[in-house]
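Scroll down for the structure; my scribbles are underneath it.
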Amino acid sequence: STWRPESTSSKKTKRDEQPKIWQIDPTRIISGMSYVGWWQKRFEAILDYVQNRQNEKKKPADKIIFDNVVALLRIGKSAGSNMSLSDVLKPYIEKRQIQVVLIATPEEWKIVQEKDRRFSDLFQVLRIEEPDPEEAVKMVLAQRQLLEIEYGCEITVQAIHRLFTIQRNYLKNSALPGSVIKLLRQVVVKYRYSFIDLPEVREEFQNFSGLEEAIFDPTLTFKKDQVR
């Protein structure tokens, strides 16, 4: 008898035909773009790629997710141009060329409606209640296991606890568990194949907030004239 290895081409095809979720950070679109028009071309290239995947495969559409909604209306504008990311996105949504999901708090969505009603009217609003703290912890711990496998790292319980402290004190407008999971993913991407504990979380928090590590010291107190 002759041994015949199983072909992986069919498996690969089936996997490729599954719709994908693309989570895009608006701030990354314009990163490194120093000339007018460059970020538009980069953003359009991303949107065209997602659209073409659907057209070529004749399969269920991929979905693009943005969780920094207000930034879509702000990023891109400059002294030489009043165009924002949302302006580039509008025609794709209006023509139903791509599927877009926005994640926003009620306060953030109100800002979007006030600043660009035409853009907000393109979306159907689904209100999802924030889980209670206990359920949110379970969801974050489940995501922790998946991230440890995906990035070959180890995340301590202390690091998770500190992320919840950051969310409670500095990211109150961001809903659980998404805000904590987003921070956690940022940390593990940076410290892939590493042991992630309090120092790694503190450094990442300092990088995106500008606040010093001493802010986490519970014994640290300030006088009224020291806070500005």
Evaluate the ring planes of Phe205 and Tyr170, with Trp represented by its six-membered ring, and classify them as parallel (under 30°), tilted (30 to 60°) or perpendicular (over 60°). tilted

Audit row: Arg192, Glu150, salt bridge (Lys or Arg N to Asp or Glu O under 4.0 Å) steps and yes/no: CA-CA 9 Å; Arg192 180 191 298 260; Glu150 181 179 355; over 6 Å; no

Could you tell me if the ring centre of Phe119 sits under 6.0 Å from that of Phe123? yes

Is any side-chain heavy atom of Ile166 closer than 4.5 Å to one of Val201? yes

What heavy-atom pair brings Phe43 and Leu85 nearest, and what distance separates the two atoms? CE2-O, 3.4 Å

Answer with yes or no whether the hydrophobic clustering places Leu141 together with Ile181; edges join I, L, V, M, F, W, Y residues whose side-chain heavy atoms lie under 4.5 Å apart. yes

Just checking Lys77: does its NZ atom have more than 12 heavy atoms from other residues, nucleotides or ligands closer to it than 6.0 angstrom? yes

Output for pair (Gln145 CD, Ile149 CD1), nearest 0.5 Å, gives 7.0 Å

Distance, nearest 0.5 Å, that separates CZ of Phe164 from CG of Leu183: 10.5 Å

Got a donor-acceptor contact below 3.5 angstrom from the Thr165 side chain to the His161 backbone? yes

Tell me, yes or no, whether the heavy-atom count around Glu114 atom CD, taken from other residues, nucleotides or ligands under 6.0 Å, exceeds 12. yes

Can you confirm whether more than 12 heavy atoms, excluding those of Ile128, are under 6.0 Å from its CD1 atom? no

Report yes or no: does Ser120 contribute a side-chain atom to a donor-acceptor pair with the main-chain N or O of Arg117 at less than 3.5 Å? yes

Treating Asp121 as the side-chain partner and Arg118 as the backbone partner, does any N or O pair qualify as donor plus acceptor under 3.5 Å? no

Val180, Val137, Val140 screened by side-chain contact (heavy atoms from CB on, under 4.5 Å) with Ile160, the one that passes: Val140

Which residue, Glu135, Arg168, Gln167, forms the side-chain contact (heavy atoms from CB on, under 4.5 Å) with Leu176? Gln167

If I take atom CG from residue Asn68 and atom CD from residue Glu108, how far apart are they, to the nearest 0.5 angstrom? 7.0 Å

With hydrophobic residues grouped by side-chain heavy-atom distances under 4.5 Å, do Val125 and Leu122 end up in a single group? yes

Testing the basics here: between Ala61 and Pro19, what is the closest heavy-atom pair and its distance to 0.1 Å? O-CB, 3.6 Å

Can you tell if the side chain of Asp67 reaches within under 4.5 Å of the side chain of Lys182, non-hydrogen atoms only? yes

With heavy-atom distances below 4.5 Å as the criterion, would you say the side chains of Leu89 and Phe66 are in contact? yes

Yes or no on side chain to side chain contact (heavy atoms under 4.5 Å, CB included) for Thr156 and Leu198, after CA distance, side-chain angles and deciding distance? CA-CA 8 Å; Thr156 67; Leu198 294 177; 5.8 Å; no

Val100 side chain reached by Lys63 side chain, heavy atoms, under 4.5 Å: no

Carboxylate-amine/guanidinium proximity below 4.0 Å for Arg162 and Glu204: no

For Glu200 and Asp197, indicate whether the former's side chain and the latter's backbone hold a donor-acceptor pair under 3.5 Å. yes

Taking ring pair (Phe, Tyr, Trp, His ring centres under 6.0 Å) as the definition, give me every residue that meets it alongside Trp22, ordered by chain and number, with sequence neighbours left out. Tyr49

So, do Trp39 and Met83 sit near enough that their side-chain heavy atoms are less than 4.5 Å apart? yes

Find the distance between CZ (Phe195) and SG (Cys153) and round it off to the nearest 0.5 Å. 10.5 Å

Run the side chain to side chain contact (heavy atoms under 4.5 Å, CB included) test on Gln99 and Ile64 for me, step by step, so that the C-alpha distance in whole Å, both residues' side-chain angles and the decisive distance to 0.1 Å come before the verdict. CA-CA 6 Å; Gln99 291 188 14; Ile64 302 177; over 6 Å; no

Are Asp116 and Ser86 packed together at the side-chain level, in the sense that at least one heavy-atom pair is separated by less than 4.5 angstrom? yes

How does the hydrophobic cluster around Val101 look, that is, which other residues are in it when side-chain heavy atoms under 4.5 Å mark a link? Ile21, Ile65, Ile103

I want to check something: taking the side chain as every heavy atom from C-beta on, are Leu72 and Leu102 in contact at a cut-off of under 4.5 Å? yes

Are Lys190 and Glu203 close enough for a salt bridge, meaning some N to O gap below 4.0 Å? yes

If you round to the nearest 0.5 Å, how far is CD1 of Ile75 from CD1 of Ile29? 9.0 Å

Using modelled atom types and a 3.5 Å cut-off, is there a donor and acceptor pairing between side-chain atoms of Asn52 and backbone atoms of Asp48? yes

Tell me if a side-chain donor or acceptor on Glu148 pairs with a main-chain N or O of Ile155 at a distance below 3.5 Å. yes

Spell out, as yes or no, whether a donor-acceptor pair under 3.5 Å connects the side chain of Ser194 to the backbone of Ile196. no

Can we say Asp62 and Lys20 salt-bridge, meaning some charged N sits less than 4.0 Å from an Asp/Glu carboxylate O? no

Taking all atoms of both residues into account, what is the closest heavy-atom pair of Gln40 and Ser81, and its distance? NE2-OG, 4.4 Å

Any sub-3.5 Å donor-acceptor pair from Arg144's side-chain atoms to Met139's backbone N or O? no

Enter the distance from Asn82:CG to Ser84:OG here, rounded to the nearest 0.5 Å. 7.5 Å

Does NZ belonging to Lys115 count more than 12 external heavy atoms closer than 6.0 Å? no

